[in-house]
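See structure below.
Throughout, protein chains are lettered first and strands after them, A, B, ... in sequence-line order, and every chain is numbered starting at 1.
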Amino acid sequence: MRTDELVDALVADTATRPPALTRRILLAALLGLAVSVGLFAVTLGPRADLAAAFGSWRFLLKLALLTVAVVLAVFDCVRAARPETESFASRASLLVPLLIFASIALELLVTPSETWERRLIGSNALVCLTAIPLLSLAPLAALLIAMRDGAASVATRAGAATARLAAALAALLYALHCFDDSPLFVATWYTLATLPVIALGALVGRRVLRW
Amino acid sequence: MQRRPDDLSALMRAANRGDDGAYRQLLTALVPRVRAAVRAGLARSGRGGADPEDVVQETLLAIHLKRQTWDEAQPLEPWVRAIARHKLIDHLRRNGSRVTLDVNDLADQLAAPRDEQAEAVADSIELMTCLDDRQRAIVTGVSLEGRSAREVGDKLGLSEGAVRVALHRALKAMAAFRTRSET
């Protein structure tokens, strides 16, 4: 086929417009999240004292931190779908570890050291390590399908960035169930729980995000 | 809005609003630029004599099918360069070289077209071999024969919509052809 003929064929194909990238990724995130919300509702469910928890600054800080993580992960996911992007995360995403360290520092300042171990270990660590990866599967699948329409320059890293968003969504959901609101617990176990998700995203992304 | 014919970003924005004339103008302007960039990349990886046209066509297909990944707020050229680079590296790997190319290596090249007319008819290894007979008839109809989707549909006994869908699928198959045959 001659190149000028290919150009003719491409111009003839403009009736089929690809959907906008950001909208496609947001839709996939919502769709995957909806499945996980259903799963969450029939298994864990929100904590019994959810209404009262909104009066606790630790609970609110946890939600705020995870919301920031979700929003930044959305930007990085869209960013990863563009061919110019080479890195796993944008500089803005450094805000998440910074906030984590700040919240740890705050907790250590305001609580006596005898309680640190109890706050760190909590009572839900194993549930946390299981629930967050499981709740991230549906968003991960939906997002990876959406990302196939993208043009990720490094498939592995884009898969990891996609998984970061899926894990952040799952963590935000799980946070409504978990009683352990201490930043010590959140920083440790939530972070550990996202690692297998990111590894899975990188592994699958490597295969499915090539173009 | 007034737009200069060499403002590629403006052409792509107009194309995104449904201006097919602008899209044709854009692709036509990109072909020699992409070809020069690919040729330079091939030369830099020790394959100076290699025919660039396969990579050029793969790049054009990717530009078309992935055009929603261009951020309208950004200039178009770095995006095109990234796609050309991706397809070139892919091509070199398939052909057994281990390569790393600096993105910036392609930068200057993208701005330097040459011999446009002489190369407009350049050929590539048959991309259409991955298509079935009907898809091939449709692609040939809209390109080689320059027919509209409706005319091609009348000829093949298909609706205009069915032709458009089939054409889009055919282009996707052509884009996936080499990536798939590699694994």
Side-chain angles (χ1 to χ4, degrees), chain A residues 1-28 74-87 90 143-158 161-162 203-211, chain B residues 15-16 18 20-21 23-24 27-28 31 35 53 56-57 60-71 74 78-79 81-83 85-86 90 103 119-124 126-128 138-144 146-149 152 160-161 164-165 167-168 170-171 174-176 179 183:
Chain A
M1 182 176 212
R2 276 168 27 188
T3 301
D4 57 339
E5 291 163 11
L6 179 64
V7 167
D8 290 335
L10 298 182
V11 173
D13 183 45
T14 48
T16 322
R17 301 218 154 267
L21 186 64
T22 309
R23 201 170 57 188
R24 180 104 171 71
I25 286 169
L26 284 177
L27 270 177
V74 167
F75 281 110
D76 277 7
C77 193
V78 173
R79 187 175 163 274
R82 302 192 192 282
E84 307 100 308
T85 309
E86 303 255 301
S87 58
S90 61
L143 284 166
L144 281 173
I145 292 172
M147 287 290 282
R148 279 175 61 86
D149 277 359
S153 61
V154 189
T156 313
R157 269 175 234 164
T162 309
L203 211 67
V204 178
R206 187 188 167 83
R207 299 197 141 261
V208 303
L209 297 184
R210 298 196 19 219
W211 51 283
Chain B
N16 283 343
D20 286 356
Y23 194 48
R24 176 180 299 280
L27 292 178
T28 311
V31 168
R35 187 180 291 126
E53 221 52 29
V56 172
Q57 295 194 357
L60 288 172
L61 275 164
I63 286 171
H64 176 70
L65 293 170
K66 305 285 187 186
R67 62 195 188 279
Q68 76 279 13
T69 67
W70 175 57
D71 179 354
Q74 302 294 323
W79 176 81
R81 206 185 302 147
I83 289 182
R85 175 175 174 271
H86 188 86
D90 201 38
V103 203
E119 290 174 340
V121 293
D123 232 312
S124 84
E126 204 46 68
L127 252 188
M128 282 199 285
I138 289 170
V139 173
T140 315
V142 299
S143 60
L144 195 62
R147 295 174 199 270
S148 71
V152 173
E160 187 181 344
R164 290 196 187 285
V165 171
L167 171 64
H168 189 65
L171 293 174
M174 285 157 65
T179 322
T183 38

Side chain / backbone / both / neither for [X] at chain A, heavy atoms under 4.5 Å:
{"X": "B:Val142", "value": "both"}
{"X": "B:Ala15", "value": "backbone"}
{"X": "B:Leu171", "value": "side chain"}

Point to revise | Worked check of side chain to side chain contact (heavy atoms under 4.5 Å, CB included) between A:Glu84 and B:Asp71 | key: CA-CA 10 Å; A:Glu84 307 100 308; B:Asp71 179 354; over 6 Å; no
**Study point:** Part of A:Ala9 within contact of chain B (heavy atom distance under 4.5 Å)
**Key:**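 For A:Ala9, the contact with chain B is made by backbone and side chain together.
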Practice item. Name the region of A:Arg23, side chain, backbone, both or neither, that has any atom closer than 4.5 Å to a heavy atom of chain B. Key: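 Neither part; nothing is under 4.5 Å.
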**Study point:** Close side-chain approach of A:Asp8 and B:Arg24, heavy atoms under 4.5 Å
**Key:**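 Yes - at least one pair of side-chain heavy atoms lies under 4.5 Å apart.
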**Study point:** Where B:Thr69 and A:Pro83 come nearest, the two heavy atoms and their spacing
**Key:**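 That would be OG1-CD, 3.6 Å.
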Review point. Considering residues, nucleotides and ligands other than A:Arg17, do more than 12 of their heavy atoms fall under 6.0 Å from its CZ?
Key: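 More than 12 within 6.0 Å, yes.
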Review point. With no hydrogens and no angle check, is any side-chain donor or acceptor of B:Gln68 less than 3.5 Å from a backbone partner on A:Asp149?
Key: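 Yes.
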Review point. What pairs with A:Phe75 under ring pair (Phe, Tyr, Trp, His ring centres under 6.0 Å), at least two apart in sequence or on another chain?
Key: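 A:Phe75: no ring pair (Phe, Tyr, Trp, His ring centres under 6.0 Å) contacts found.
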Check your understanding: Between CG of A:Leu6 and CD of B:Glu53, what distance do you get to the nearest 0.5 Å?
Key ->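 Result: 9.5 Å between the selected atoms.
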Point to revise | Spatial distance of atom CG (A:Asp4) from atom CG (B:Leu27) [nearest 0.5 Å] | key: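 Interatomic distance, A:Asp4 CG to B:Leu27 CG, rounded to 0.5 Å: 12.0 Å.
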